[in-house]
Each structure stands twice: as structure tokens, then as C-alpha cells.
Amino acid sequence: MNVQEKTIEYGKNSQIHISINPNFWQLCKPFQQVSKDDFLSHRWQVKHTVYGFEAINTFLRSVASSDVVEQVLLGLRLAPMAVRLTPYILSRINWLNPIADPIRRQFIPLANEYEQDHPMLTLDSLGEQEDSPLPGLVHRYPNKALFLAQSHCPVYCRFCTRSYLVGQDTHTNKKVQYEKTIKHWKEIFKYIDSNREIEDLVVSGGDCYNLSPKMLEYIGNGLLEIPHLRRIRFATKGLAVDPTKILSDREWTDTLTRIVDDARKLNKHVAVHTHFNHPNEISWITQSAAKVLFERGITVRNQSVLIRDVNDNFDTMATLIKMLGDMNIQPYYVYQHDMVRGVENLRTDLSTNVNLEKRIRGITAGFYTPTFVTDCPCGGGKRVSCSYEYYNRSSGVSVYIAPSIKSDRAFLYFDPLVSLAPDIRKAWLNPDEAQELCNEALSKVNCISSEWKNSYLNSIASLVQLRN
Ligand SMILES: *Cc1c(COP(=O)(O)O)cnc(C)c1O
Ligand code: SF4
């Protein structure tokens with residue numbers, strides 16, 4: 001590594017790596033000869049995106065030891081998500097120490113890191129498919145909805161909450177696929193148009209970076225025509241994993257700007273929601289791209305996922321929040337990691353979330369302080385993490401209620417098995433004992449119907465049985 005590259009260790013596991021080298025990608029062997037013009041071109045980024053088993057194998061052999069490569073190839077066989085990485089994000093990994101690297105952990109699995117899944121984990125832990133009145137639309141909250149416009153992203157994150165949908169099939173996971181077709185979108189517009197209570201729409205997927213300017217325009221215009229729809233957010237991880245697009249894909253950036261401006265004339269608000277998890281994702285290129293959006297008057301908010309040994313410590317989270325604020329990006333949410341299968345080594349227990357929030361609140365302006373939320377399994381929606389009705393740190397069960405969404409039910413979150421004592425870990429693998437651990441927690445909440453409670457406890461037992 002070049003002497004100009006500084007690695008600063010802030011506290012445990014933070015691995016914050018502040019790069020002052022303007023051509024930082026040239027420190028990564030496969031990009032050593034890549035010029036600034038090429039690297040800053042969005043077309044070049046797409047063309048050189050590392051996609052699939054063979055490509056990642058070739059890439060890794062030039063940057064990592066054979067031990068690491070072997071662990072990755074084995075890890076990919078178990079993974080629920082396909083691998084896809086832009087040169088930009090690959091160049092932000094410290095290849096001198098890929099095992100500890102916080103970006104590597106988010107995207108590239110190692111077989112020897114795998115942990116036993118908690119028996120309650122699923123691929124669609126939020127129960128999105130149950131709250132979908134038609135394919136590609138999740139309507140869970142009374143006045144807001146989520147539109148899954150297509151199912152691909154510029155990169156694939158290991159921990160994706162939509163593992164059931166996003167990306168190519170993997171060895172262990174066959175996906176639902178939504179097509180990028182006008183016919184599909186028209187049906188969605190029609191549904192929103194005839195459900196006048198919907199005022200707020202998240203356009204996600206998949207990622208809006210993967211919509212061409214024409215598709216973006218078609219969706220933007222179609223939605224702005226719906227009179228009762230007041231707020232639209234376009235979700236993209238793009239700014240974090242390929243900021244060059246904002247700078248070099250003028251047609252896309254101009255289309256987005258036009259939609260934002262048209263909305264403003266209608267007294268409506270269109271914003272971008274992005275997804276940074278670690279300060280190392282941010283470079284001078286990101287800062288330039290964020291500045292373009294800010295200058296064009298585009299509101300950008302950030303949603304992070306709390307990930308074990310990536311950003312679950314004060315120094316990393318505080319630095320991330322500060323760097324986002326400096327780019328005029330509002331830190332909106334930090335999510336408790338969803339209960340998705342196959343990535344158990346990335347989940348933290350709930351107490352990590354609650355304790356981190358306590359330390360973070362107060363370090364900066366309130367409007368630049370993210371809300372720490374838990375998106376409740378089985379469709380309870382997002383709740384402020386520390387607002388649980390009950391939390392038993394020894395069984396790892398926390399209980400939330402969601403009166404505005406589903407008022408006669410409760411929603412349980414389960415800490416990862418490794419965070420529990422050995423006898424409790426064992427209890428979770430037994431249907432009767434697992435049921436008892438849930439029953440203990442549910443008995444502390446009195447607003448739920450006994451009918452729901454019984455059917456929930458039965459489903460727990462059969463899920464545990466199924467996993468064994
Ligand atoms: C997150 C989410 C929304 C938006 O919720 P906010 O709290 O307003 O950001 C809407 N619908 C679904 C299904 C969601 O998961
Ligand atoms: S960018 Fe978002 S939708 Fe795409 S893989 Fe990552 S978490 Fe999933």
C-alpha cells in the first residue's frame with residue numbers, strides 16, 4: 001500500500017481508513033493502470049463490475065491470499081445473495097487485511113465466518129409478500145406504500161432484507177422476480193390511484209440506479225400525476241457504491257433533477273434515500289456527487305443497517321454520521337439487522353442497538369441524528385428500537401406492539417444465538433422450549449388476542465421443527 005494511505009484504528013473493530021490519495025483505486029492491483037477519466041466514468045464502472053462466481057474468483061486471486069479465496073468460494077455456495085460489486089466499492093476495501101475489512105464483510109462472505117441461524121430466521125422476515133395486494137407493491141401502513149419497481153441493484157449486499165427477491169438465484173435461494181415492464185408499473189399506478197389514502201411512496205426494489213433515465217422518467221411522471229400522492233422517495237444505494245454515475249451519467253442525474261423540480265412546482269416532495277453503512281465507503285468522489293445533488297436542491301437521506309463488526313461501535317457510527325452531515329445528507333434511520341437467513345454473523349443483539357443510540361444521541365444536531373429502528377418481523381412495521389414492551393436479554397426475545405398497524409398482535413425479535421448462554425441456545429432448537437421462551441415474553445404484553453397468541457406459538461413450534 002502507498003505510504004499516503006493511512007489506516008487509523010478508532011476503538012474496537014472500527015477499521016476506519018481515511019484515504020488521502022486522490023487516485024486511491026490504483027492501490028488495488030486490478031485497477032492499478034486505470035486512469036482517472038476511466039474510473040470516473042459510470043459506463044466503465046458498469047462494464048467492469050465483478051459479477052458472479054467466475055469473475056469474483058479471478059478478481060480475488062489478484063488481491064487476496066489463496067486461503068481467503070478458498071473461504072470466499074465456499075462461502076458463496078451457502079449464501080442467499082449473489083455476488084455483484086462495482087470497481088468503486090472493491091477499491092474501498094483494504095486488501096492488505098480483507099478479513100477485518102468492514103466493506104468486505106458487507107459484500108463478500110467467508111465460509112469460516114458462518115454462524116448457525118436462529119431457527120426464527122426466514123428470507124422474507126418482514127412478511128412483505130403477505131402485505132402485497134399485488135406483486136411489486138407492499139401496502140402495510142395506512143398512508144404509505146413501497147413500490148418494488150424491479151429486482152436488481154448495482155451491488156448485492158449479503159444482508160439484504162429482500163433476499164427473497166433481489167438479485168440472481170443462488171445455490172440456496174430461488175428468487176421471486178419482478179420485471180421492469182410498463183405493464184407491471186401501470187398496474188401499480190392504478191392501485192395507488194384508486195387507494196386515495198396513499199400519500200407517501202417509496203420506490204425501491206432493487207435499486208433506482210438500475211432504472212434507465214427513460215424508465216425513471218416514466219415512473220416519476222406517472223406518480224406525479226396521481227393527485228393524492230404527496231411524497232415520493234427514490235431509493236438507491238448508488239451514491240455509496242458508485243457515486244461516479246451522478247457525475248458522469250448526465251442524462252440520469254438530469255432526469256432525477258427534473259422530477260424533483262416538477263414535483264416542487266406541484267407543492268410535492270421528491271427525495272433520494274440512500275444507504276451508507278461505513279465511513280470507508282465515502283471518498284472525494286462521493287463528496288463531489290453529493291455536492292451536485294445538494295446544489296440541485298435534492299434532499300438526500302440515509303438509511304444504515306447496524307452490522308456486527310462493521311458499524312456497531314460508537315467511533316464508526318459517530319464518524320459516519322458526521323461525514324454524512326458534512327455532505328448535507330440527513331442520517332434518517334439505523335436499522336436493527338433484519339432476521340434474514342444465512343448472514344447470522346452480521347446481526348447484533350438488540351441491546352447493542354439500544355446502547356449505541358444512547359451514546360449517539362446528543363453528539364450533533366437532532367435533525368442529523370438517525371432514529372434507531374427495528375423493522376418488526378411479520379409486518380409490524382418500523383418501531384423505535386428502545387420502545388419495546390419487554391426485552392429479556394437472557395432469552396434474547398424482545399416484544400413490540402404496533403397499534404397503528406396491527407393492533408391485536410405483538411411482534412417478536414430474537415437476538416442471535418451466539419449472544420446467548422449455551423443452555424438457552426440449546427433450548428431454541430427444541431420446539432417446546434422455544435415455545436416457552438416466546439410465551440414468557442408474550443405473557444408480559446396484555447393487548448394481544450389469545451387467539452392470535454395461540455396460533456403464533458403453534459407457528460413457532462412448527463418452524464423450529466422444520467429447521468431441525
Ligand atoms: C419502510 C417502509 C415504508 C416507509 O416508512 P418510513 O418510516 O416512512 O420511512 C413504507 N412501506 C413499507 C412497507 C416499508 O417497509
Ligand atoms: S442495495 Fe438494498 S436492495 Fe440492493 S442488495 Fe443491498 S440492501 Fe438489498
Side-chain angles (χ1 to χ4, degrees), residues 51 79-86 89 103 106-107 123-133 136-168 170 173 175 178 192 195 197-211 229-242 269 271-277 281 301-307 310 330-338 340 343 346 370-384 402 404-406:
Y51 194 11
M81 293 296 289
V83 75
R84 179 175 191 163
L85 289 155
T86 57
I89 203 69
I103 298 181
Q106 294 179 60
F107 297 104
L123 290 170
D124 175 17
S125 77
L126 303 180
E128 290 192 334
Q129 290 169 98
E130 270 171 50
D131 278 336
S132 295
L137 192 88
V138 186
H139 188 186
R140 168 175 305 144
Y141 301 91
N143 85 340
K144 51 190 181 184
L146 169 66
F147 170 16
L148 305 170
Q150 47 87 35
S151 49
H152 294 279
C153 303
V155 297
Y156 295 133
C157 315
R158 290 177 55 204
F159 48 84
C160 182
T161 189
R162 295 202 182 95
S163 290
Y164 71 92
L165 160 76
V166 169
Q168 248 56 25
T170 69
N173 187 9
K175 316 252 167 173
Y178 296 141
I192 300 169
N195 283 269
E197 72 278 14
I198 302 178
E199 296 180 341
D200 191 305
L201 189 73
V202 182
V203 185
S204 183
D207 190 299
C208 293
Y209 250 41
N210 284 43
L211 296 170
L229 198 58
R230 306 224 36 89
R231 292 174 293 277
I232 301 164
R233 327 169 199 176
F234 286 105
T236 173
K237 195 173 170 66
L239 199 54
V241 297
D242 180 16
H269 197 178
V272 170
H273 277 210
T274 191
H275 174 188
F276 287 90
N277 291 325
E281 291 152 17
R301 305 189 189 100
N302 185 68
Q303 310 191 167
S304 299
V305 178
L306 186 63
I307 308 170
V310 170
Q330 188 204 341
Y332 176 43
Y333 281 148
V334 174
Y335 285 93
Q336 178 67 9
H337 195 298
D338 286 324
V340 210
V343 282
L346 299 180
T371 307
F372 285 63
V373 293
T374 300
D375 210 341
C376 284
C378 310
K382 300 181 230 327
R383 311 306 300 175
V384 175
S404 59
I405 315 288
K406 289 168 184 145

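Only a predicted model underlies this, so the values are computations on that prediction, with no experimental measurement involved. Counting starts at 1 for both ligands and their atoms, in listed order.
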query: CD of E197: more than 12 outside heavy atoms within 6.0 angstrom?
result: yes
Is any N or O atom of [X], backbone or side chain, closer than 3.5 Å to an N or O atom of ligand 1?
{"X": "K144", "result": "yes"}
{"X": "Y332", "result": "yes"}
{"X": "E128", "result": "no"}
{"X": "Q303", "result": "no"}

Pair N277-Q106, side-chain donor/acceptor within less than 3.5 Å: yes
Does either side chain, that of N302 or that of T274, offer a donor lying less than 3.5 Å from an acceptor on the other one?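 Side-chain D/A pair, N302 to T274: absent.
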How far is [atom] from its nearest protein heavy atom, and which residue and atom is that?
{"atom": "atom 12 (C) of ligand 1", "answer": "Y141 CE1, 3.6 Å"}
{"atom": "atom 3 (S) of ligand 2", "answer": "C153 SG, 3.6 Å"}
{"atom": "atom 1 (S) of ligand 2", "answer": "K237 CD, 3.4 Å"}
{"atom": "atom 13 (C) of ligand 1", "answer": "V138 CG1, 3.7 Å"}
{"atom": "atom 3 (C) of ligand 1", "answer": "K382 NZ, 3.7 Å"}
{"atom": "atom 2 (Fe) of ligand 2", "answer": "H275 ND1, 4.2 Å"}
{"atom": "atom 7 (O) of ligand 1", "answer": "Y333 OH, 2.5 Å"}
{"atom": "atom 6 (Fe) of ligand 2", "answer": "C157 SG, 2.3 Å"}

Worksheet item: Is any N, O or S atom of C160 under 2.8 Å away from atom 8 (Fe) of ligand 2?
Response: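 It does; at least one qualifying atom falls short of 2.8 Å.
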Using modelled atom types and a 3.5 Å cut-off, is there a donor and acceptor pairing between side-chain atoms of D207 and backbone atoms of Y209? yes
With a 3.5 Å distance limit and no angle check, can you tell me whether S132 reaches the backbone of L137 through a side-chain donor-acceptor pair?
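Yes, because the side chain of S132 sits within donor-acceptor range (under 3.5 Å) of the backbone of L137.
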Are the side chains of E281 and I89 in touch, meaning some heavy atoms are under 4.5 Å apart?
yes
Margin query: Is there a side-chain contact between V305 and H337 in this structure, where contact means two heavy atoms from C-beta onward sitting under 4.5 Å apart?
Written below: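 Yes, at least one pair of side-chain atoms sits under 4.5 Å.
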N-O pairing of D131 and R140 below 4.0 Å =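 Yes, this pair counts.
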Discussion item. Tell me the closest heavy-atom pair linking R301 and A271, and the distance in Å.
Written reply: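 Shortest heavy-atom separation between R301 and A271 comes out as NH1-CB, 3.7 Å.
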Just going by heavy-atom distances, which of R233, R383, R140, H273 is nearest to atom 4 (C) of ligand 1?
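Result: the heavy atom closest to atom 4 (C) of ligand 1 is in R233.
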Contact partition for R301 relative to ligand 1, non-hydrogen atoms under 4.0 Å =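 No part of R301 is near ligand 1 at this cut-off.
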Open item on the list: Below 30° counts as parallel, above 60° as perpendicular, anything between as tilted: where do the rings of Y335 and Y333 land?
Closed with: perpendicular
